[in-house]
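Data first, discussion second: the structure below is written as structure tokens.
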Amino acid sequence: MNTRTGRKVVFGVVAALALVAGFLLTPLVAVPFAVAGQSAASAIGDRGIPAANGEWGYPLAGDYFKGRGFGYHPVEGCSYCSKNHLGYDMSQGCGSPIFAAGPGTVVTAGPLSGWGNTVRVDHGGGLVTLYGHMMWGSLLVSVGDTVSAGTPLGAEGETGKSWGCHLHYEVQIDGVAVDAEPFMAALGLPLK
């Protein structure tokens with residue numbers, strides 16, 4: 001066998017092995033991505049919809065763990081986490097569904113500096129709610145969509161400047177973040 005024929009045989013064997021390996025490994029790669037994309041929609045049925053009061057409701061259904069609140073809350077061991085926290089962190093665990101808190105129009109649905117995969121809803125009158133750190137591939141809304149309290153937005157993740165899976169829920173009035181706890185309490189929806 002000459003050198004040229006030998007190279008062709010080796011190339012053929014390597015190509016065949018690569019195809020077999022690709023075929024065998026595809027489920028290990030594709031299935032987790034497919035499940036991640038479906039987790040928000042499928043988890044919604046497990047938890048129901050969030051409690052509401054009038055046109056407004058909670059961004060998570062059921063009980064949750066509270067993380068950092070609004071204001072000065074440094075995170076020990078996290079050099080990139082802001083010390084002046086402008087939102088309210090809540091968690092049910094990775095992949096938990098996140099819902100719109102009130103009626104409005106989606107103005108952001110995707111990457112947003114610092115918050116990672118994010119949805120922002122404009123409620124009119126200068127009021128915007130922000131849902132940050134959502135799982136990649138989980139968004140269920142697009143820019144321009146009209147939502148109401150309880151509309152599924154996506155799933156809890158840890159994208160952007162995040163320290164573990166959680167929802168960063170932020171309320172902004174005329175572009176300035178305000179404390180979500182008194183805002184929600186005034187709507188009859190007290191946060192922990």
Side-chain angles (χ1 to χ4, degrees), residues 25-52 55-70 75 78 80-82 85-123 127-172 177 180 184 189 191-192:
L25 294 176
T26 295
L28 298 176
V29 175
V31 170
F33 281 109
V35 169
Q38 296 295 321
S39 64
S42 62
I44 290 167
D46 297 341
R47 296 184 193 259
I49 58 171
E55 290 189 322
W56 285 81
Y58 291 108
L60 296 176
D63 198 21
Y64 59 89
F65 295 99
K66 178 187 177 192
R68 296 193 306 163
F70 188 85
V75 177
C78 182
Y80 60 81
C81 296
S82 67
H85 191 244
L86 300 178
Y88 183 89
D89 289 348
M90 46 201 326
S91 175
Q92 290 180 323
C94 295
S96 297
I98 296 171
F99 303 89
T105 303
V106 175
V107 292
T108 301
L112 191 61
S113 181
W115 293 286
N117 203 22
T118 300
V119 170
R120 290 174 58 238
V121 177
D122 184 340
H123 304 281
L127 176 62
V128 172
T129 52
L130 180 148
Y131 310 81
H133 307 313
M134 296 169 74
M135 184 182 293
W136 293 121
S138 75
L139 297 189
L140 301 171
V141 294
S142 300
V143 172
D145 287 356
T146 300
V147 298
S148 58
T151 299
L153 302 177
E156 198 176 303
E158 58 178 332
T159 60
K161 293 182 179 180
S162 176
W163 189 260
C165 285
H166 69 280
L167 163 64
H168 174 92
Y169 175 61
E170 189 168 314
V171 177
Q172 301 170 349
M184 293 296 284
L189 299 162
L191 300 172
K192 288 184 180 182

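Only heavy atoms go into these numbers, but all of them, side chains included; no hydrogens, no water, no symmetry mates.
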Just how far is it from atom [atom1] of [X] to atom [atom2] of [Y], taken to the nearest 0.5 Å?
X    : Y    : atom1 : atom2 : value
S162 : E156 : OG    : CD    : 9.0 Å
L191 : D89  : CG    : CG    : 11.5 Å
F99  : L167 : CZ    : CG    : 11.0 Å
L153 : L140 : CG    : CG    : 7.5 Å

>> As a quick check of understanding, evaluate side-chain contact (heavy atoms from CB on, under 4.5 Å) for L139 and Y131, giving each step before the final call.
In response: CA-CA 11 Å; L139 297 189; Y131 310 81; over 6 Å; no
Short side-chain to backbone donor-acceptor contact, [X] and [Y], under 3.5 Å:
X    : Y    : result
T151 : A149 : no
S142 : A109 : no
E55  : G102 : no
H133 : G157 : no
Y169 : Y58  : no
Q92  : A61  : yes
N117 : M135 : yes

If you look at every heavy atom in [X] and [Y], which pair is closest and at what distance?
X    : Y    : result
K192 : D63  : NZ-OD1, 2.6 Å
V171 : A180 : CG2-CB, 3.9 Å
S138 : A155 : OG-N, 3.0 Å

>> Could you walk me through whether V143 and T108 satisfy the side-chain contact (heavy atoms from CB on, under 4.5 Å) test, starting with their C-alpha distance in whole Å, then the side-chain angles of each, then the deciding distance to 0.1 Å, before giving a yes or no?
In response: CA-CA 6 Å; V143 172; T108 301; 5.5 Å; no
>> Run the side-chain contact (heavy atoms from CB on, under 4.5 Å) test on H166 and Y64 for me, step by step, so that the C-alpha distance in whole Å, both residues' side-chain angles and the decisive distance to 0.1 Å come before the verdict.
In response: CA-CA 10 Å; H166 69 280; Y64 59 89; over 6 Å; no
> With side chains defined as the heavy atoms from C-beta onward, is the minimum distance between E170 and V128 less than 4.5 Å?
Replying inline: no
>> Less than 4.5 Å apart, side chain to side chain, heavy atoms only: is that true for L130 and Q172?
In response: yes
> So W115 and R120, side-chain contact (heavy atoms from CB on, under 4.5 Å) or not? Walk me through it.
Replying inline: CA-CA 11 Å; W115 293 286; R120 290 174 58 238; over 6 Å; no
